[in-house]
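Values reported hereafter were calculated over all heavy atoms of this structure, with side chains retained and with hydrogens, waters and symmetry mates removed. Just so it is clear: chains get the letters A, B, ... in the order the sequence lines come, proteins before strands, and each one is counted from 1.
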Amino acid sequence: MQLSEQEQIRREKLEKIKALGIDPYPAPLYPVNASATEIKNNYQEEILEDGTKNRLNYQEVCIAGRLMATRPAGKATFAEIQDSTGRIQIYVRRDDICPTEDKTLYDTLFSKLLDLGDFVGIKGYAFKTKVGEISVHATGFTLLSKSLRPLPVVKKDEEGNIFDAFTDPEMRYRQRYVDLVVNEQVRDTFIKRTKMMNSIREFLNSKNALEVDTPVLQSIPGGAAARPFITHHNALDIPLYLRIANELYLKRLIVGGFDWVYEFSRNFRNEGMDRTHNPEFTVLEFYVAYKDYFWMMETTEQLLEKVALDTNGNTYVQVGENMINFKAPYKRISIYDAIKTYTGFDVSEMEEDGLRDVCKQLKIEVDNSMGKGKLIDAIFGERCEHNYIQPTFIIDYPVEMSPLTKKHRSKNGLVERFELMINGKEIANAYSELNDPIDQRERFEDQLKLQERGDDEAMFIDQDFLRALEYGMPPTSGIGFGIDRLAMLLTNQASIQEVLFFPQMRPEK
RNA sequence: GAUUCCGUAGCUCAGCUGGUAGAGCAAUACACUUUUAAUGUAUGGGUCCUGGGUUCGAGUCCCAGCGGGAUCACCA
């Protein structure tokens, strides 16, 4: 392994530290009793009548973190310690930490053998410097872990301008640990993502929904139309697939008698990657017995309004150029009306031939494997979808594109389905679930016909799922939310890689 | 998968019509006991992504490969 000059120097320092009898990776816990942000937010002092200051709290603090900046000034040094809450300045004076004749601790260990990035513990007291910065005056320090690689040095001035930011996307994603250390806004994005997940759980748990786990390894990759990852189980000598969806398993649980189940499902799809697609991604699905898709629209509005508030403190979220308002209620527009609005064509009575003709006139590329459902989907996707910036429910899809959805109670040829569009993208997809086992079997058979026509994404038939439906499933409404995309919206990120800690990358050579 | 742009010091980046590599931060040494993008002086640090080719000579031009970004296709 070829070490850079700076790495060699750090290893030499490591040896010198050991030679001083100091363990650079000590085992004992460090008794941390305060954090950087906590001290900065709560420190108090008073000015007495004679003008002297009286410090009121944090007079015996013990903080720990990475050393991220030093400003030496002879026999004293200002430095910055970064912990999980942020940064705080520390003031280290030689004669305070070395009260005897022996000045090794300051002159050698602190001044020469510590590097930016090292973990240190600081004991001392909080005070305010003469320019007013709340800091910790060190009375002692402990090396907690030596860093052998230099971190990128990112500097910030008084106005918050950032210099030499660590921005290379490849390095940021491959070495996310570095990205998180030096880029505060990256850490904030992921904290928001977790807040969002917590808020969703809170909402669902408050309704007595049951969080469940269902199989990731499936012998039939059902519940969606997508290419699966395939693997092999040695003991059983059978192929297994990583799930593309968990829908059919959650419905089995509704058959089993639960009336509200949910799962944050990591799904896997063996398809292209781009700034809105990662091979593994997270979907929240929930299924509720005795409800329909109208109820689900109201529930979705309530959920998203709460989640936006909990995550950002506001129902308004700036996403790129757009200001999006998650405040309920959201508009509802049928897919046929949407197509009529943006293309002028009324496709509601059209069959396949008519739809192909419309696609031709609109210059939308189609191929022979596409049935009525896919053609309508193509028109909507090309001409309508991107126009719905504010949250909008697109409702009542044609039956051909929705093999798991109940037929519409009054509109022939349609199903009770909605997709929620936000910022021109689909965020959620929901149905009144199909619970008629005979109808479901026919829909699967139609999918088989599509497969024979060359549609390689048509759904597989799951016989056990049909068996479950035959035992009886109550009327149920279900929904799936693209959690990564929701996180992108709520954190104003244009790339899915920015909301996944470790996005998929080609392996390094 | 297609198109296009990019890959130079630990990090952020310069490097013109080809002439043997440069800055800031970081590092090293010295100075400095209230600094905050600390400062001053000095010093060291490079497989210019990899492999070919053209050329007297390639970081620079050409070809191939590897990796990444953007756009498109498939999809959520």
Exercise. Does a nitrogen or oxygen in the side chain of Arg71(A) sit under 4.0 Å from OP1 or OP2 of rU35(B)?
Worked result: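 Looking at the OP1 and OP2 atoms of rU35(B), neither is under 4.0 Å from any side-chain N or O of Arg71(A).
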
Which one is paired to [N], where only Watson-Crick or G-U wobble pairs with both distances under 3.5 angstrom count?
N: rU60(B); answer: none
N: rG67(B); answer: rC6(B)
N: rA73(B); answer: none
N: rC11(B); answer: rG24(B)
N: rC30(B); answer: rG40(B)
N: rU54(B); answer: none

Exercise. Which residues satisfy the side chain to side chain contact (heavy atoms under 4.5 Å, CB included) test with Asp102(A), sequence neighbours excluded?
Worked result: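 Partners of Asp102(A) under the side chain to side chain contact (heavy atoms under 4.5 Å, CB included) test: Thr100(A), Thr104(A).
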
Exercise. Among all residues two or more places apart in sequence or in another chain, which pass the side chain to side chain contact (heavy atoms under 4.5 Å, CB included) test with Val216(A)?
Worked result: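 So Val216(A) forms a side chain to side chain contact (heavy atoms under 4.5 Å, CB included) with Leu242(A), Arg243(A), Phe268(A).
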
Base, sugar-phosphate, or nothing for [X], non-hydrogen atoms under 4.0 angstrom?
X: Phe281(A); answer: base
X: Lys130(A); answer: base
X: Gly482(A); answer: nothing
X: Asn278(A); answer: base
X: Ala165(A); answer: sugar-phosphate

What's the gap between [N] and [M] when it is taken at their [atom1] atoms, as a whole Å value?
N: rG65(B); M: rA23(B); atom1: P; answer: 37 Å
N: rU71(B); M: rA38(B); atom1: P; answer: 36 Å
N: rU8(B); M: rA76(B); atom1: C1'; answer: 39 Å
N: rG45(B); M: rG22(B); atom1: C1'; answer: 13 Å
N: rG59(B); M: rG53(B); atom1: P; answer: 15 Å
N: rC6(B); M: rC16(B); atom1: P; answer: 13 Å
N: rU60(B); M: rG52(B); atom1: P; answer: 14 Å
N: rU17(B); M: rA58(B); atom1: C1'; answer: 14 Å

Could you run down the sub-3.5 Å N/O contacts of the protein with nucleotides 4-7 of chain B?
none

Value in whole Å for how far the [atom2] atom of [N] lies from [atom1] of [X]:
X: Ile90(A); N: rU33(B); atom1: CD1; atom2: P; result: 18 Å
X: Phe166(A); N: rU12(B); atom1: CZ; atom2: P; result: 6 Å
X: Arg87(A); N: rU35(B); atom1: CZ; atom2: C1'; result: 15 Å
X: Glu385(A); N: rC74(B); atom1: CD; atom2: C1'; result: 14 Å
X: Glu184(A); N: rA37(B); atom1: CD; atom2: P; result: 16 Å
X: Asp107(A); N: rC32(B); atom1: CG; atom2: P; result: 11 Å
X: Phe481(A); N: rA76(B); atom1: CZ; atom2: C1'; result: 14 Å
X: Arg93(A); N: rU35(B); atom1: CZ; atom2: P; result: 13 Å

Name all residues meeting the ring pair (Phe, Tyr, Trp, His ring centres under 6.0 Å) criterion together with [X]; count only those two or more places apart in sequence or in a different chain, and write none if there are none.
X: Phe110(A); value: Tyr106(A), Phe141(A)
X: Phe393(A); value: Tyr330(A), Phe418(A)
X: Phe264(A); value: none
X: Phe501(A); value: Phe190(A)

For this session: Return the set of residues passing salt bridge (Lys or Arg N to Asp or Glu O under 4.0 Å) with Arg66(A) (not counting sequence neighbours), or none when no residue passes.
Result: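 Per chain and number, Arg66(A) pairs via salt bridge (Lys or Arg N to Asp or Glu O under 4.0 Å) with no residue.
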
Exercise. Excluding sequence neighbours, so at least two apart, what forms salt bridge (Lys or Arg N to Asp or Glu O under 4.0 Å) with Glu184(A)?
Worked result: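 Listed in chain order: Lys156(A).
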
N/O-N/O pairs, protein side and nucleotides 68-72 of chain B side, under 3.5 Å:
unit_1: rG68(B); atom_1: OP1; unit_2: Arg506(A); atom_2: N; d: 2.8
unit_1: rG68(B); atom_1: OP2; unit_2: Arg506(A); atom_2: NH1; d: 3.4
unit_1: rG68(B); atom_1: O4'; unit_2: Glu170(A); atom_2: OE1; d: 3.0
unit_1: rG69(B); atom_1: OP1; unit_2: Gln497(A); atom_2: OE1; d: 2.7
unit_1: rG69(B); atom_1: OP1; unit_2: Gln497(A); atom_2: NE2; d: 3.4
unit_1: rU71(B); atom_1: OP1; unit_2: Arg275(A); atom_2: NH1; d: 2.8
unit_1: rU71(B); atom_1: OP2; unit_2: Arg275(A); atom_2: NH1; d: 3.0

For this session: Only counting residues at least two apart or in another chain, list the ones meeting side chain to side chain donor-acceptor pair (under 3.5 Å) with Asn322(A).
Result: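 Side chain to side chain donor-acceptor pair (under 3.5 Å) list for Asn322(A), sorted by chain: Asn423(A).
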
Exercise. Any ion pair linking Arg506(A) and Glu170(A) (charged N to carboxylate O, less than 4.0 Å)?
Worked result: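 Not counted as a salt bridge, because no side-chain N and carboxylate O are separated by less than 4.0 Å.
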
Exercise. Asp95(A) has a side chain; which of rA76(B), rU33(B), rC13(B) sits nearest to it?
Worked result: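 Of rA76(B), rU33(B), rC13(B), rU33(B) is nearest to the side chain of Asp95(A).
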
Exercise. Does one side chain, of Thr343(A) or Arg383(A), offer a donor that lies under 3.5 Å from an acceptor on the other?
Worked result: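 Side-chain D/A pair, Thr343(A) to Arg383(A): absent.
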
Exercise. Want to settle it: does Glu7(A) or Lys75(A) sit nearer the 5' end of RNA chain B, counting the closest nucleotide to each?
Worked result: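 Result of the comparison: Glu7(A).
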
Exercise. Does a distance-only test, which skips hydrogens and angles, find a donor-acceptor pair under 3.5 Å between the side chain of Thr129(A) and the base of rU35(B)?
Worked result: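 Indeed there is one.
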
For this session: First locate atom CD of Glu385(A), then atom OH of Tyr342(A), and finally report the distance between them rounded to the nearest 0.5 Å.
Result: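 Rounded to the nearest 0.5 Å, the CD-OH separation comes out at 12.0 Å.
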
For this session: Find out whether Glu433(A) and Glu247(A) are in side-chain contact, i.e. whether some heavy atom of one side chain is under 4.5 Å from a heavy atom of the other.
Result: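 Glu433(A) reaches Glu247(A) side chain to side chain.
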
Problem set entry | Heavy-atom pair with the smallest gap, counting every atom of Leu500(A) and Arg176(A) |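 Nearest heavy atoms, Leu500(A) then Arg176(A): O-NH2, 2.7 Å.
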
Exercise. Just by protein heavy atoms under 4.0 Å, how would nucleotides 21-31 of chain B read 5' to 3' in B, S and -?
Worked result: ---BSBSS-S-

